[in-house]
Amino acid sequence: MDYLYLLATVLFVFGIKKLTNIKTCQQGNRLSEFAMLLAIVTTLAVGANYISWYVVISGLLVGGAAGAVIAKKTATTQMPEMVAALNGFGGVASALVAMAALLEHPLMHDPNKSLFDTGFVNAVSTPITILIGMITLTGSFIAYFKLSGKKLVHPVKGSQRHAFHAALGVAVIGLSYWEITTASHAQMTIATVLLAIISGSLGVFLVMPIGGADMPVVVSLLNSYSGIAGAAAGFVINNPLLVVVGALVGTSGLILTQIMCKAMNRSLSNVLLGGMGEEVVAKDAKDYKSIKSTTPEEVAMLLDGAASVIIVPGYGLAVAQAQHVVRELGDLLQKRGCNVRYAIHPVAGRMPGHMNVLLAESDVPYDQLWEMDNINSDFKSTDVVIVVGANDVVNPAAREATGPIAGMPILDVDQARTCVVIKRSLAPGYAGIKNPLFELDNCLMVFLDAKEALEGMVKEMKELSK
Amino acid sequence: MDPIFLTIFVFAIASLLGFELINKVPPTLHTPLMSGSNAISGITLVGAILCALAFKDAAPEVLAAASQPIPSWFGNILAFLAIVFATINVVGGYMVTDRMLGSFKRKEKK
């Protein structure tokens, strides 16, 4: 049986490795699915003589059905929220494992022994699993709500906030110590329940002040946490499979988090402590002069004479479900001999690679998708740039020395001959600041839903080519 | 060597492996990778299954003396919830990942 666990571990490693390459990613996911199945079947065989089959089978059926329904019903735009929610479920499962294992531990019937008597590492793992698991649960659900566009306000204001969080942290440490050292099982139970509650509220309060724009980083970090919670649960029940696989997920999540922070030119601590995380809208955020607005028909005429076009997709594209129309427009342009490319900012949308997934769904050729660093120097020689529902990632204010997004790498769309921005209104993006791009002479605004605007352009382009 | 030290050792090596494993990922695959590794973190299901204990004929005191885990109603309720949540994570996570990767596949066939 141990060999099957070893095999599953090796398959997980290769599965993750293959997931990092576009050619092998699907194979990688299959591999990791198979490894999971192998791990579960092996576990059922290991525990065949002492597990409660009623509980296990009913749990697997209920969870499997619920998981399948959730996955089927999710629209492409909701994927980021979905990953956040699923991640929360994983975290709470680990916390529950630690609590169940504690309750079922033989020492619970020995009035003279505390958890500490089971050995230092096992003892410490229990509160750690509960802490990280509960933070993952509540933090993920706050991220879920924020990504669904709900505004949540932290009850404690300003500088007192850090003190408040620190107090909760101290409470966590105190309760953990109490849980580990007390020989009274009533006290141990109380400590465990309180620890779960305080840890959960810590997750809520820590994620709440972080701005919606930073949620991808938070989800990625919480994904890493759920791995660590799994590894800690592995220490609690002495299961090396959990330890190894949890550690793998934990570190891979950390690396991904780092990549995303780098893309925004900010440190992780800056994101978490809410440097710009506060959802404040600058006073002049809607104060625009000299805006030039236009219609899809006029843009189509502009595109008619263009030899090179770069499309910059943002969250607005996802909201409007306009990925198919944008491809149609791209194809039309390409047929006319125009050089069409898509410029993908690393944090466009609400998750890293969000735009890539969306555009892949509508079969946009992979070689038309360009990363920011590779395309930024080409904007100068581009006739028309179409910004579809993006805002902060094209805001020239980022080049200034100060301001909330100062230093963030942006796409240099303002350098193109003409820049068309499709946006429903002049409302600020997540950063809550004014975008000077919209006031530039070479910038035209189309105040429409992304899908409507693009459909109008496609229609007019077809008229023009008759 | 203390067996617990061996587990810590394995934990440390696995963590280092995780760091090295994914240092280069094209941005296209960031979301699927996050989603895929999120599904893998549902591995805690293994722990949840092992916590759902069948009731034994022996009294709790006897089991405790033999340092065996003691089944209880409350313990099984916790284990049941853990299994449900972990399974949602595993099944939902893999299905969502498959859907994302499926959209890449279609394109490549062309």
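None of the values given here were measured: they were computed from a predicted structure. Lettering of chains follows the sequences in order, A, B, ..., and the numbering in each one begins at 1.
Using a 4.5 Å cut-off between heavy atoms, B:A39 touches chain A through its backbone atoms (N, CA, C, O) alone. Residue A:Y225: no heavy atom, backbone or side chain, is found under 4.5 Å from chain B. With a 4.5 angstrom heavy-atom cutoff, A:I70 touches chain B only via side-chain atoms. With a 4.5 Å cut-off on non-hydrogen atoms, A:N21 touches chain B through its backbone but not through its side chain. Heavy atoms of A:I237 lying under 4.5 Å from chain B belong exclusively to its side chain. Neither the backbone nor the side chain of A:T9 comes within less than 4.5 Å of any heavy atom in chain B. Of the atoms belonging to B:I8, heavy atoms from both backbone and side chain fall under 4.5 Å from chain A. For A:A233, the part lying under 4.5 angstrom from a heavy atom of chain B is the side chain only. The contact between A:A231 and chain B is made entirely by side chain atoms (from C-beta outward), counting heavy-atom distances below 4.5 Å. For a residue to count as touching a neighbouring chain, one of its non-hydrogen atoms must lie under 4.5 Å from one of that chain's; by this rule A:V92 touches chain B with the side chain only. For a residue to count as touching a neighbouring chain, one of its non-hydrogen atoms must lie under 4.5 Å from one of that chain's; by this rule A:L254 touches chain B with the side chain only.
Per-residue heavy-atom pair counts under 4.5 Å with chain B were compared for A:G230, A:G227, A:S94, and the maximum is reached by A:S94. Annotation: maximal heavy-atom pairing with chain A below 4.5 Å, among B:A48, B:C51, B:A86, occurs at B:C51. Among the candidates A:G91, A:G253, A:A68, the residue making the largest number of heavy-atom pairs closer than 4.5 Å to chain B is A:A68. With chain B as partner, the option from A:V219, A:V249, A:V46 having the largest number of non-hydrogen pairs under 4.5 angstrom is A:V249. Contacts with chain A were tallied for B:A79, B:G75, B:A52, B:P69; B:A52 has the most, counting heavy-atom pairs under 4.5 Å. With respect to chain A, the highest number of heavy-atom pairs below 4.5 Å among B:V84, B:I77, B:V96 belongs to B:V84. Ranked by non-hydrogen atom pairs under 4.5 Å with chain A, the options B:I83, B:L16, B:N38 are led by B:N38. Per-residue heavy-atom pair counts under 4.5 Å with chain B were compared for A:P106, A:A35, A:A229, A:A66, and the maximum is reached by A:P106. Counting heavy-atom pairs under 4.5 Å between each of A:G119, A:S226, A:A100, A:S32 and chain B puts A:S32 at the top. Between chain B and the residues A:N49, A:V245, A:I51, A:L19, the most heavy-atom pairs under 4.5 angstrom are made by A:I51. Of the listed residues (B:L78, B:L53, B:V10), the one with the most heavy-atom contacts under 4.5 Å to chain A is B:L53.
Side-chain atoms of B:N89 and A:N87, non-hydrogen and from C-beta on, never get closer than 4.5 Å to each other. Under the 4.5 Å side-chain criterion, counting only non-hydrogen atoms from C-beta, B:N76 is in contact with A:E104. B:I4 places a side-chain heavy atom less than 4.5 Å from the side chain of A:N238. Between B:I88 and A:V62, every side-chain heavy-atom pair lies at or beyond the 4.5 Å cut-off. Between A:V83 and B:S35, the closest side-chain pair of non-hydrogen atoms falls below 4.5 Å. Between B:I40 and A:L248 the shortest side-chain heavy-atom distance does not fall below 4.5 Å.
A side-chain donor-acceptor contact under 3.5 Å links A:T251 to the backbone of B:S15.
The heavy-atom pair separating B:T44 from A:G90 by the smallest distance is CG2-O, 3.9 Å. In plain terms, the two heavy atoms of A:M36 and B:G42 that are nearest each other are CE-C, 4.1 Å. Of all non-hydrogen atoms in B:R99 and A:K72, the two that sit nearest each other are NH1-O, 3.6 Å. The shortest heavy-atom contact between B:L21 and A:V13 is CD2-O, 3.8 Å. Of all non-hydrogen atoms in B:I43 and A:A39, the two that sit nearest each other are CD1-CB, 4.0 Å. The shortest heavy-atom contact between A:L103 and B:S72 is CD2-OG, 3.9 Å.
Among residues at least two apart or in separate chains, there is no ring pair (Phe, Tyr, Trp, His ring centres under 6.0 Å) pair with a member in residues 29-56 of chain A.
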>> Please evaluate residues B:T31 and A:N356 with respect to the criterion side chain to side chain contact (heavy atoms under 4.5 Å, CB included), reporting the C-alpha separation (whole Å), side-chain torsions for both, the decisive distance (0.1 Å), and the verdict.
In response: CA-CA 9 Å; B:T31 304; A:N356 301 75; over 6 Å; no

> When you look at B:L45 and A:L60, which way does the side chain to side chain contact (heavy atoms under 4.5 Å, CB included) test go after all the steps?
Replying inline: CA-CA 9 Å; B:L45 175 57; A:L60 289 175; 4.0 Å; yes

> Does the pair B:V46 and A:Y5 meet the rule for a side chain to side chain contact (heavy atoms under 4.5 Å, CB included), with working shown?
Replying inline: CA-CA 11 Å; B:V46 164; A:Y5 269 171; 3.6 Å; yes

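Atom CG of B:L17 and atom NZ of A:K17 lie 9.0 Å apart (nearest 0.5 Å). Annotation: the span from B:Y94 atom OH to A:R30 atom CZ amounts to 11.0 Å, rounded to 0.5 Å. Between A:C25 atom SG and B:L33 atom CG the span is 10.0 Å, to the nearest 0.5 Å. In this structure, CZ on B:F55 lies 7.5 Å from OG on A:S52, to the nearest 0.5 angstrom. Taking CE of B:M95 as the start and CE of A:M82 as the end, the distance is 11.5 Å to the nearest 0.5 Å.
A donor-acceptor contact under 3.5 angstrom links the side chains of A:N223 and B:S37, judged on distance only. For the residue pair B:D98/A:N29, the side-chain donor-acceptor check at 3.5 Å is satisfied.
Using cut-offs of 30° and 60° on the angle between ring planes, the pair B:F11 and A:F235 is perpendicular.
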